Amino acid sequence: MHKTRRKYIPKEIEKSWPNSVPQSGTSMGKPNFAKATMGKPNSAKATMGKPNSAKATMGKQELRKYLPKTIEEKWQQIWMDKKVYQFKLDRTKKPYYTLVELPYPSGNLHIGHWFTFATADAHARHRRMAGWNVFFPNGFDAFGLPAENAAIKRGIHPKDWTMSNIETMRKQFDSMGSMIDWSHQAITCLPEYYRWNQWIFIKMFERGLAYRGKTLSNWCPSCQTVLANEGIEDGKCWRCGSIVEQKEIEQWFLKITAYADRLVWKQDQSSVLGSQLSDISQSVNQSAGKLKTGKPESENGQLKTDYWNGVDWPQSVREGQNNWIGRSEGLEIDFKLEGGDEKLTVFTVYPETIFGVTYMVLAPEHLLAKKLATKEQKKAVDEYIKTARNKTEMERKTLDKEKTGVFTGAYCINPVNGAKIPIWIADYVIATYGTGAVMGVPGSDDRDFAFASRYNLAVIRVIGNDPKDTGEVTKEDDVLEEGYLVNSGEFSGLSTPEPAKEKVKDYLEQKGSGRRIVQYHLHDWSVSRQRYWGTPLPIIYCDKCWELKTQNSKLKSEYGRDYTEIDGKEHAIIPVPLENLPVELPYEVDYTPKGKPPLATAEEWMQVTCPKCGGKAKRDPETLDTFFDSSWYFYRYLDPKYDKEPFNPDLASGLTPVDIYFGGAEHTLGHTLYARFFTKFFHDIGLLEYEEFAKKRIQHGVILGPDGFRMSKSRGNVIDPDDVVREYGADTVRLFLCFMMPYEATAPWNPAAISGIYRFLRRIWDLGEKVRTSNFELRTSDLYHMHRTIKKVGSDIEGIHMNTAIATLMEWLNYLSAKEKISKEEYKTMLLLLAPFAPHIAEELWQSLRDLQVHTDEKTDSHGSEKISSFNPRESIHAQAWPVYKDEYMVSDQITIVVQVNGRVRENLTVASALRDDKEALSEKAQALENVKKHIAGKQIKTVVYVPGRIINFVVA
RNA sequence: GCCGAAGUGGCGGAAUUGGCAGACGCGCUGGCUUCAGGUGCCAGUGAUCGCAAGGUUGUGGGGGUUCGAGUCCCCCCUUCGGCACCA
C-alpha cells in the first residue's frame with residue numbers, strides 16, 4: 001500500500017450516504033491503537049475473519065476497507081430510489097422472463113430462499129447485462145392453512161398475520177440486493193388477485209371442467225379438510241402429520257383427466273434443430289428485438305436435441321409426471337357371465353395372455369360383486385366386502401402383503417376358447433382404475449401367481465422361453481412375462497410382446513369382445529377445502545331454481561349443469577355472474593375448526609340473492625385449494641392490476657412463456673403439473689397461443705441443517721440467513737450459496753468454507769491497489785486468461801453452474817494477484833463478471849473506479865451525497881454490457897502436448913502452437929525426451945497415436 | 001417391486017463429454033510477518049515406496065471394449081429422492 005490516503009473516519013463516510021447504518025461493535029468512534037491490519041478483528045477468536053463483527057479501528061487505518069454492511073445498505077437504497085431494476089417494456093429488446101416459485105409468507109426468509117434466489121438473481125443479472133430485457137417479478141402465495149393455524153394458535157387474524165409476514169419478508173428480500181422488480185408483485189390473498197381465481201373457476205365450470213362429485217376422499221381429522229393425494233406423505237397429512245382418514249364427501253373437482261393425454265411429455269422431433277444461438281453473451285446484438293419463439297435457446301453452442309413438448313425440462317420431472325399420469329394403452333375385454341347375457345368387462349395391457357386366464361377378480365366395490373355371489377357363497381362374500389370397506393386405503397396398500405380374496409361362486413366364459421372361469425373378489429384390485437375388474441393370469445404375472453397359489457387356482461403356461469416351452473409353472477421363478485406364446489391356440493409361437501399383442505388385440509376387436517382403450521392413473525383434482533383462509537368458491541346454491549329446472553325442461557340449458565343436496569334438498573348450482581366478482585372473503589369469521597367450513601358460520605355472508613331467479617339462495621362455504629392460486633400467478637405478474645381478464649393477453653404474448661423457471665423438486669407432481677394444465681386451459685379459451693408455460697425448468701436441491709437433517713424448528717437446526725448476513729454481508733452469503741454446491745445438490749449447511757468467499761471478495765477489493773490508470777499493453781497470457789474467464793463464466797451462468805463460474809473467477813484472481821500491476825480493463829472486467837453474484841461490492845468498486853477515471857490525481861474518496869442524487873441508473877454496473885470475449889485471444893502461442901507410452905503419461909512437451917499438427921516433428925521431439933526414451937528403450941514402437949494439440953502416445957511392445 | 005439421480009482426497013466439489021484425475025474453496029503442514037494469538041502473504045498437501053531423481057497405485061466392487069476409461073458396455077453393492085398391488 002503505497003498510496004497516500006485520506007484517514008479512515010467512519011462517521012464522515014456514513015454521514016455522506018443516506019441510510020447507512022453504523023457498524024456493529026462497541027468501539028465505534030474510539031481510537032484503537034492496535035496496529036491496523038487488513039485482517040481486522042481485534043481480539044476474540046470467535047470473530048476471526050468475520051467482517052461485520054469487527055470493531056472499527058481508527059488510527060493508521062487504510063482508507064478503503066471492505067465493510068459490507070455499509071456499502072450494501074447504501075446501494076440497496078440507491079438502486080431502489082433510482083429504480084435501477086424496474087422493468088420497462090421495450091420492443092427493441094428481447095424480453096426474458098425469469099421466474100422463481102413464489103414464496104409462502106411463513107414469516108421469515110430462510111436459507112433455502114436465499115439459495116434459490118441467489119442463483120436465479122445471478123442468472124437474471126447476467127442475462128440483463130447480456131442485453132436481454134429481463135422481467136424478474138415476485139409475489140406471495142398468501143392463502144393457506146399455516147396462516148389459519150397460526151391465527152388460531154395466537155389469536156391473530158390470518159390476514160393480519162400474512163400481511164405482516166409479507167412486509168417482513170419483503171425487507172429481507174431487499175437485504176439480498178436482488179434485482180426483483182416488486183412493482184409487479186402479486187399477493188394471492190387479495191381480492192384483486194383471487195377475483196381471477198373465481199373467474200377461472202367459473203370458466204372451467206362453464207366448460208364442464210369444474211364439477212361437483214362425491215368420492216371417498218382423504219380427510220385430515222386435525223386440519224378438518226380434504227387433502228389431495230399429493231398432500232399425503234406416508235399416510236399422514238403433509239402439514240400437521242395426522243393420520244389421514246377416508247371419508248365420503250361431496251366436493252369440487254377439476255377435470256384434469258380431460259387433459260391427461262396433452263399433459264403427457266412426448267419427445268419433440270420438430271425442434272431437434274433448435275435455435276441457432278451459439279452463446280448468449282455473444283449473440284446479444286443479433287437476437288435483440290426478435291420475438292419469442294417458444295423454443296429454448298441452446299447452451300454453450302451445442303444444439304439440444306432433447307426437447308419434449310417443445311421445451312427443456314428435466315428428465316426427472318418429465319418421467320415423474322408421465323408415471324403419475326400413468327397412461328397405458330390396453331384392451332377392454334368382455335367375458336360373458338355363465339348362464340346369462342350379462343358380461344364382465346376387464347381392462348388389461350396384456351391381452352396376449354388371454355389363453356392363460358384361470359380366474360377373474362373384482363374389486364370389493366365393483367357393482368357386480370354382491371350380485372354375482374351364489375347362495376352358498378353369499379355369506380362369505382358379504383363378510384369379505386364388509387371387512388374390506390372398513391380397511392382404510394393405507395391398510396389395504398401397506399398391510400396387505402398377503403393377498404386375500406373370496407370366491408363368488410359364479411363363472412364367466414373366456415371368449416377365445418370358451419373356458420369356464422371362476423370369479424373372485426379381492427381387495428388388491430382397485431375399484432377406480434380400469435373397470436375395477438382384472439383377469440388373473442397366474443402363468444405370466446407374479447401377483448396373480450401368488451394369488452392363485454394361495455387359493456389353489458389353476459395355472460396355465462402361456463408364455464415360454466421358446467415356442468416349445470410348455471413346462472408347467474410351479475413356482476414363482478417359472479413365471480415369464482415375455483418370450484413366446486404357448487398353449488394359445490392359433491397364436492402359439494408368436495413372440496411377445498410383439499407381434500403377439502397386436503395380433504390378439506386385432507382378433508378380439510374383430511370378434512367384438514374387445515376394444516382398444518387408453519387408461520390413466522391420474523385422478524381428477526379435488527379443489528375444495530373446508531377452510532377459511534382461501535378463495536371463496538364463486539358458486540350459489542338455489543333450491544328454487546332446481547325446482548324450476550326440473551319442472552320446465554326448456555329452461556334446462558340456462559342453469560348449471562348439475563345440482564347438489566343441502567340438508568336433504570336439491571339445489572341448482574349457479575355460478576356467480578362474472579360482473580359480481582369478486583366474492584370477497586369476509587373478514588369477521590369464526591375460523592376455529594368445527595367440522596364444517598368456517599364460512600358456513602358466517603350466516604349473513606351465506607345468504608345471497610339468486611342471480612337467476614332472484615330468490616333466496618346460499619353461497620358455497622368452501623374455499624379453493626391454494627394450488628389453484630399458484631397455477632397461474634406468473635401470468636398475473638405481467639400486470640397485477642389488470643381488470644378485464646386474469647391477465648393481459650397482449651403482455652402475455654410479448655413476455656411469456658416464462659423463459660426459465662426455478663423451483664423445488666417437491667413440486668414435480670403437484671404445482672408444475674397443475675400450472676401446465678391451467679396453461680392448456682387458457683390456450684383452449686383463447687387467452688394463450690402456446691401450451692407449455694415455461695421453456696426451461698431448473699430444480700434446486702435442499703440445504704439441510706448442519707446435522708444433515710431437513711431444517712425444522714422442532715429439531716432446532718434452522719439456519720437464519722439474517723444472522724449469516726449480519727456477520728459477512730449479503731454479497732458473501734450470495735456468493736457462498738452459489739459456490740457451495742451445484743444447484744441441484746442436496747447437502748448440509750456447512751459454513752466452514754464461507755471465510756474463503758469473504759477472503760475472495762476482500763482480495764478483489766484490495767486488487768484495486770494494483771490498477772494502473774494509464775493503460776498498458778496486455779501480454780498474450782493476460783489476454784488469454786481474461787478472455788477465457790469471460791467465456792467460461794458466461795457459459796457457466798447460462799448452464800446454472802454457478803459454483804464453477806465462481807471457481808473460474810477465483811482462478812483468474814489468483815493469476816491477477818500474482819502480477820505486479822493490472823490494467824484497468826482487467827479490473828473492470830473482473831468487476832463486471834463479479835456483478836451478477838456480488839452486486840453491492842461490484843457496484844461500489846465500479847463507481848470508485850469511475851471516479852478514479854475522472855479525477856486521476858484526486859487523493860480523496862470522492863463519493864459525496866451530491867453524487868448520489870445525481871446518480872444515473874445507466875451508470876450502474878448492473879446496466880453495463882457483459883464483456884465480450886474473443887476467440888483469437890484464447891489461442892496461446894505455446895501448446896503443451898502430453899507424451900504417453902502405452903497410455904501412461906511420461907512427459908510434457910511444450911512446443912510452438914504452429915507445430916500442433918505436425919505428427920512427425922512432434923514424434924521425433926518426444927522420443928528425444930529422456931523420460932520417454934527410458935520407457936521405449938529396447939522395445940519396438942508399434943503405433944503412434946496422435947491427437948492434434950493434445951496427446952502423442954507411443955504404443956510399444 | 002418400479003422409476004429417477006448419484007457414489008471421486010480429511011470435507012464441499014471440478015474434469016472442455018474417451019485424452020495429464022482431484023480445478024476452485026475449506027481444512028491440514030511448513031515458512032515469512034507478529035511481543036503474542038489471529039489476520040495477511042509464500043510454499044506444500046490422494047495413497048504408497050524412496051534421501052532424492054523417480055516409481056507404483058488410485059474415481060463403490062468385479063468383468064469387458066480401447067493406444068488410452070471417472071467418462072462407454074455387462075453384472076453386482078450402497079445412498080438419496082419419487083411412486084408403490086395401475087392389471
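In what follows, chains carry the letters A, B, and so on, assigned in the order in which the sequence lines appear, proteins first and then strands, with residues in each chain numbered from 1. Quantities reported herein were computed from a predicted structural model and do not represent experimental measurements.
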Is there a side-chain contact between A/V441 and A/M439 (heavy atoms, below 4.5 Å)?
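Side chain of A/V441 against side chain of A/M439, heavy atoms only: contact under 4.5 Å found.
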When you check the phosphate oxygens OP1 and OP2 of [N], does a side-chain N or O of [X] lie under 4.0 Å from one of them?
X	N	answer
A/N750	B/G25	no
A/R904	B/C20	no
A/R762	B/G40	yes
A/R759	B/G25	no
A/N902	B/G68	no

Just call it for [X]: base, sugar-phosphate, or nothing, with non-hydrogen atoms closer than 4.0 Å on any strand.
X	value
A/R906	sugar-phosphate
A/V898	base
A/N953	base
A/P748	nothing
A/V945	base
A/V905	sugar-phosphate
A/A807	base
A/N814	sugar-phosphate

Work out how far the [atom1] atom of [N] is from that of [M], and round it to whole angstrom.
N	M	atom1	result
B/C11	B/G4	P	30 Å
B/G12	B/G18	P	27 Å
B/U45	B/A21	P	16 Å
B/G10	B/C85	C1'	47 Å
B/A6	B/G13	P	13 Å
B/U79	B/C72	C1'	24 Å
B/A47	B/U29	P	14 Å
B/G25	B/A43	P	12 Å

Spacing of [X] atom [atom1] relative to [N] atom [atom2], expressed in whole Å:
X	N	atom1	atom2	value
A/M810	B/C24	CE	P	10 Å
A/M740	B/G12	CE	P	11 Å
A/L761	B/U39	CG	P	18 Å
A/K939	B/C67	NZ	C1'	14 Å
A/H521	B/G82	NE2	C1'	13 Å
A/I764	B/G25	CD1	P	12 Å
A/I754	B/C24	CD1	C1'	16 Å
A/R763	B/U39	CZ	C1'	14 Å

Got a donor-acceptor pair under 3.5 Å from the side chain of A/E319 to the base of B/G82?
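Looking at the base of B/G82, it does not pair with any donor or acceptor on the side chain of A/E319 (distance under 3.5 Å).
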With syn defined as a glycosidic torsion within 90 degrees of 0 and anti otherwise, which applies to B/G44?
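This nucleotide is in anti.
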Which label fits B/U17, syn or anti, where anti is any glycosidic angle not within 90° of 0?
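This nucleotide is in syn.
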Is [N] paired to anything, Watson-Crick or G-U wobble with both distances less than 3.5 Å, and if yes, which nucleotide?
N	result
B/G10	B/C26
B/G70	none
B/A5	B/U79
B/U59	none
B/C41	B/G31
B/G18	none

Checking contacts here: which listed nucleotide ([options]) is nearest the side-chain heavy atoms of [X]?
X	options	answer
A/N803	B/A14, B/G19, B/A87	B/A14
A/T804	B/A23, B/A87, B/G12	B/A23
A/V438	B/C24, B/C67, B/A87	B/A87

Aromatic ring proximity, centroids under 6.0 angstrom, [Y] and [X]:
X	Y	answer
A/Y433	A/Y520	no
A/W313	A/W308	no
A/Y359	A/F451	yes
A/Y889	A/Y885	no
A/Y758	A/Y66	yes

Member of A/R904, A/Q900, A/R906 meeting the side-chain hydrogen bond (donor to acceptor under 3.5 Å, both in side chains) criterion with A/H935
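Exactly one candidate clears the test, A/R906.
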Produce the list of close N/O pairs, under 3.5 Å, pairing protein atoms with atoms of nucleotides 71-73 of chain B; give distances to one decimal.
none

Okay, side chain of A/K501, backbone of A/V349: is any donor-acceptor separation there less than 3.5 Å?
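Yes, A/K501 side chain to A/V349 backbone: donor-acceptor pair under 3.5 Å.
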Take A/A753 and A/A745, find for each the nucleotide of RNA chain B with the closest heavy atom, and name the residue whose nucleotide sits nearer the 5' end.
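Whichever sits nearer the 5' end wins; that is A/A745.
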Most 5' of A/H935 and A/V349 on RNA chain B, judged by nearest nucleotide
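Result of the comparison: A/H935.
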Produce the list of close N/O pairs, under 3.5 Å, pairing protein atoms with atoms of nucleotides 5-10 of chain B; give distances to one decimal.
unit_1	atom_1	unit_2	atom_2	d
B/A5	OP1	A/Q315	OE1	2.9

Does either side chain, that of A/S513 or that of A/D334, offer a donor lying less than 3.5 Å from an acceptor on the other one?
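No, A/D334 and A/S513 have no side-chain donor paired with an acceptor closer than 3.5 Å.
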Would you say A/Y384 and A/T404 are linked by a side-chain donor-acceptor pair, where the criterion is simply a distance under 3.5 Å?
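A donor-acceptor contact under 3.5 Å links the two side chains.
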Work out which heavy atom in [X] is nearest to a heavy atom in [Y]; give both atom names and the distance.
X	Y	value
A/H667	A/T672	O-OG1, 2.8 Å
A/V518	A/E329	CG2-CG, 4.0 Å
A/N902	A/V956	OD1-N, 2.9 Å

A/T910 and its side-chain contact (heavy atoms from CB on, under 4.5 Å) partner, picked from A/I897, A/I895, A/T896:
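The side-chain contact (heavy atoms from CB on, under 4.5 Å) with A/T910 is passed solely by A/T896 among A/I897, A/I895, A/T896.
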